[in-house]
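These values consider heavy atoms only, across backbone and side chains, with no hydrogens, waters or symmetry-generated copies. Residue numbers count from 1 along this sequence. One-based numbering, in listed order, for ligands and for the atoms of each.
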Amino acid sequence: LASVDSTNRYAAEALTRGELSHGAVIMAQEQTAGRGQRGRTWQGATGLDLMASIVLLPERMRAVAQFTLAKAAALAVRDLVADVFRSEDLDVARIRIKWPNDILVDRHKLAGILIANEIKGEHVRSSIVGIGINVNSSTWEGVDATSLLLETRRGQDLHLLLSRLCMHMDHWWGLTGKDDAAIAAAYTDALWAKDRYTDFTLDGRRITARPLDVDDMGRLIIEEVGGEVAAYGLERLRFLM
Ligand code: BTN
């Protein structure tokens, strides 16, 4: 699409009308009301950044396992960025997944993912995986961000990137329900700040803790200074940066 308010919203409506099948991808050159996590907006630069939504129609994914989709999507984006980094001889270890599914290079956000799952009964009926990647843009206001252009000094073709992204998504999606342990292990391995003490807010109170892993519900398992280990969801726990 040349321009749309939000590819996620467009995909949701088209899905409701029965116009989209599993694997459909909506990409836009421009979003006029891009959506971000927690009700925020997402500003991708027109014609420069990748803004797309991938529609998944799981056949028998249980609602309790839905975080697997978030892991799969984050790993697909991570792998795409790793491809670009490798082609430029850059260190792929700098690319991390910040729980739940931001993609960072060092401490700077390169990509964000917004997933809308429709649950019916005990199952995930559909999933719209919205992905925004800073590709050819280089200026942001008030956010600690980076882009592929800033990291590599080279511009990228958005359609080529999208097709590679779909390839990686296809790989990780293909493992869901078959080898969830492999998805979980790869996600844990890529976790930003894993085992490193960092600042959070827990119920609004500032704490220092180190991320150890995520549990099956997608909650982050942390160890506070002092040794207490517990798992928390986004409604209680936030990274301070
Ligand atoms: C975040 O806040 O980190 C998530 C950002 C997700 C942005 C993408 S861009 C394509 C898709 N359509 C939207 O409206 N949002 C997602």
Fill in the blank from the handout: Under 4.0 Å between heavy atoms, the region of A28 that gets near ligand 1 turns out to be neither
Problem - Carboxylate-amine/guanidinium proximity below 4.0 Å for R210 and E224 - result: no
Handout entry: Min heavy-atom dist G34 to ligand 1 below 4.0 Å
Key = yes
Exercise for the section: Look at atom 15 (N) of ligand 1 and say which protein heavy atom is nearest, naming residue and atom and giving the distance to 0.1 Å. Expected result: R35 O, 2.7 Å
Exercise for the section: Identify whether NZ of Lys or CZ of Arg in R96 sits under 6.0 Å from the centre of the six-membered ring of W99 and within 45° of that ring's axis. Expected result: no
Fill in the blank from the handout: If you scan protein heavy atoms around atom 3 (O) of ligand 1, the nearest is K109 NZ, 2.6 Å
Practice task
Would you check if the distance from the ring center of H168 to the ring center of W173 is below 6.0 Å?
Solution key: no
Exercise for the section: Enter the distance from L240:CG to I207:CD1 here, rounded to the nearest 0.5 Å. Expected result: 9.0 Å
Handout entry: Numbered atoms of ligand 1 (with element) below 4.0 Å of D102, judged on heavy atoms
Key = 3 (O)
Exercise for the section: Output yes when the distance from some N or O of ligand 1 to some N or O of W42 is under 3.5 Å, and no in every other case. Expected result: no
Exercise for the section: For S6, take its heavy atoms, then give the atoms of ligand 1 lying under 4.0 Å from any of them. Expected result: 12 (N), 13 (C), 14 (O)
Exercise for the section: May I ask whether R40 places a heavy atom under 4.0 Å from ligand 1? Expected result: no
Handout entry: D49 side chain to Q43 side chain, donor-acceptor N/O pair below 3.5 angstrom
Key = no
Exercise for the section: Before accepting this row, confirm whether a basic side-chain N of the pair D83/R164 lies closer than 4.0 Å to the acidic partner's carboxylate O. Expected result: yes
Handout entry: salt_bridge(R206, D199) N-O dist < 4.0 Å
Key = yes
Completion exercise
CG (D180) and OH (Y187) are apart, to the nearest 0.5 Å, by 14.5 Å
Fill in the blank from the handout: of all protein heavy atoms, closest to atom 2 (O) of ligand 1 is Q37 N, 2.7 Å
Practice task
Between R9 and ligand 1, find which residue part has any heavy-atom pair under 4.0 Å and reply side chain, backbone, both or neither.
Solution key: neither
Exercise for the section: Give the residue and atom name of whichever protein heavy atom lies nearest to atom 11 (C) of ligand 1, and the separation in Å to one decimal. Expected result: T7 OG1, 3.2 Å
